[in-house]
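These numbers come from a predicted model, not from an experiment. Letters A, B, ... mirror the listed sequences (proteins, then strands); counts begin at 1.
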Amino acid sequence: MLTKFEVKVLNLTKKIPKGKVTTYKEIAKALNTKAYRAVGTALKKNPYAKVPCHRVINSNGKVGSYKGKPNSKEKIRLLKKEGIEMKNNKINLKKFTFSFS
DNA sequence: TCTTTACTCAAGG
DNA sequence: CCTTGAGTAAAGA
C-alpha cells in the first residue's frame, strides 16, 4: 500500500533523466515539504523497478545508501555508467543534479 | 574533515 | 507514544 507521500516521491524519482542525479533535499523541496528522511524511507520501502532510486543521492554529493548499505559499490558503478563523474565516491552535484520545476 | 546535536516527518512497533 | 530511517544543516572539536 502506497501512501500519497510515497507516490509523490516515486513519481518525481521516476522523472529523473538518465545521466542526472537528484538529492533527497530536492525531492523534498519539490514536494513542498521538509521530510528529507521520509523521502529516503519511501524509496527504500518501495522496490519499484520503475524508480531509479540509485539516482537519488545526498546533498553533499555522496551516494548515501542503496539497498540498505552505505556507499553501495553497485550504485556508484551504475551512476558512473550513466555518465556521472565522480570524485572519490562523490558526485559532481553542480553538473549532474537535476532540479524539479 | 569528523562528530555531535537539533530539526523534521513518515512508517512501524 | 516511542524508535527508526537510504537526510540535512549548524556547531564544535
Testing the basics here: between [X] and [Y], what is the closest heavy-atom pair and its distance to 0.1 Å?
X        : Y        : answer
Ile16(A) : Lys20(A) : CG2-O, 3.6 Å
Ser65(A) : Pro70(A) : OG-CA, 3.6 Å
Thr23(A) : Ser59(A) : CG2-CA, 3.8 Å

Any Asn58(A) side-chain nitrogen or oxygen under 4.0 Å from OP1 or OP2 of dA6(C):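 No, outside the criterion.
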Counting just side-chain N and O atoms, does Lys34(A) come under 4.0 Å of either OP1 or OP2 of dT8(B)?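 No, Lys34(A) has no side-chain N/O under 4.0 Å of OP1/OP2 on dT8(B).
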How about Val56(A) and Val63(A): do any of their side-chain heavy atoms sit closer than 4.5 Å?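 Not touching, per the 4.5 Å side-chain cut-off.
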For a 4.5 angstrom cut-off between non-hydrogen side-chain atoms, does Leu12(A) reach Val39(A)?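 They are not in side-chain contact.
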For residues 92-101 of chain A, dump all side-chain donor-acceptor pairs below 3.5 Å to protein atoms at least two apart in sequence or in another chain.
residue: Thr97(A); atom: OG1; partner: Leu93(A); partner atom: O; Å: 2.7

Taking dT4(C) as the reference, what is the distance to dT8(B) when you measure between their C1' atoms (whole Å, please)?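 That atom pair is separated by 14 Å.
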With rounding to whole Å, what would you report as the distance between dG5(C) and dC7(B) at their C1' atoms?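 Each nucleotide's C1' atom is 15 Å from the other's.
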Give me the stems containing DNA chain B, sorted by first residue, counting only three or more consecutive Watson-Crick or G-U pairs with both distances under 3.5 Å; say none if there aren't any.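 In DNA chain B, stems of three or more pairs: B:1-7 with C:7-13, B:9-13 with C:1-5.
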For DNA chain C, the residues among residues 76-94 of chain A that have a non-hydrogen atom under 4.0 Å from it: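 The stretch gives none, as no residue of it lies under 4.0 Å from the strand.
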Tell me which residues in residues 15-33 of chain A put a heavy atom below 4.0 Å from DNA chain C, sorted by number, or none.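 By residue number: Tyr24(A), Lys25(A).
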Is there any salt bridge (charged side-chain N to carboxylate O under 4.0 Å, His left out) pair reaching into residues 61-82 of chain A, and which pairs are they, with sequence neighbours excluded?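 Every salt bridge (charged side-chain N to carboxylate O under 4.0 Å, His left out) pair that includes a residue of residues 61-82 of chain A, provided the two are not neighbours, is Arg55(A)-Glu82(A).
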Val9(A) with Tyr24(A), same ILVMFWY side-chain cluster at under 4.5 Å: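 Yes; Tyr24(A) is reachable from Val9(A) via cluster members.
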I'd like a list of close polar pairs between nucleotides 10-13 of chain C and the protein, N/O only, cut-off under 3.5 Å.
none

[X] side chain, from C-beta outward: closest of [options]:
X        : options                 : result
Lys44(A) : dT8(C), dA10(B), dG5(C) : dG5(C)
Ala38(A) : dG7(C), dA10(B), dT8(C) : dA10(B)
Arg37(A) : dG7(C), dA10(B), dT8(C) : dG7(C)

Under 4.0 angstrom, heavy atoms only, what part of the nucleic acid is Thr3(A) near: base, sugar-phosphate, or nothing?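 Sugar-phosphate, backbone atoms only, no base.
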What does Ser59(A) touch in the nucleic acid at a heavy-atom separation under 4.0 angstrom: a base, only the sugar-phosphate, or nothing?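 The residue Ser59(A) makes sugar-phosphate contact but no base contact.
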If I take atom OG1 from residue Thr13(A) and atom CD1 from residue Ile27(A), how far apart are they, to the nearest 0.5 angstrom?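 Spacing of OG1 (Thr13(A)) from CD1 (Ile27(A)) equals 4.0 Å.
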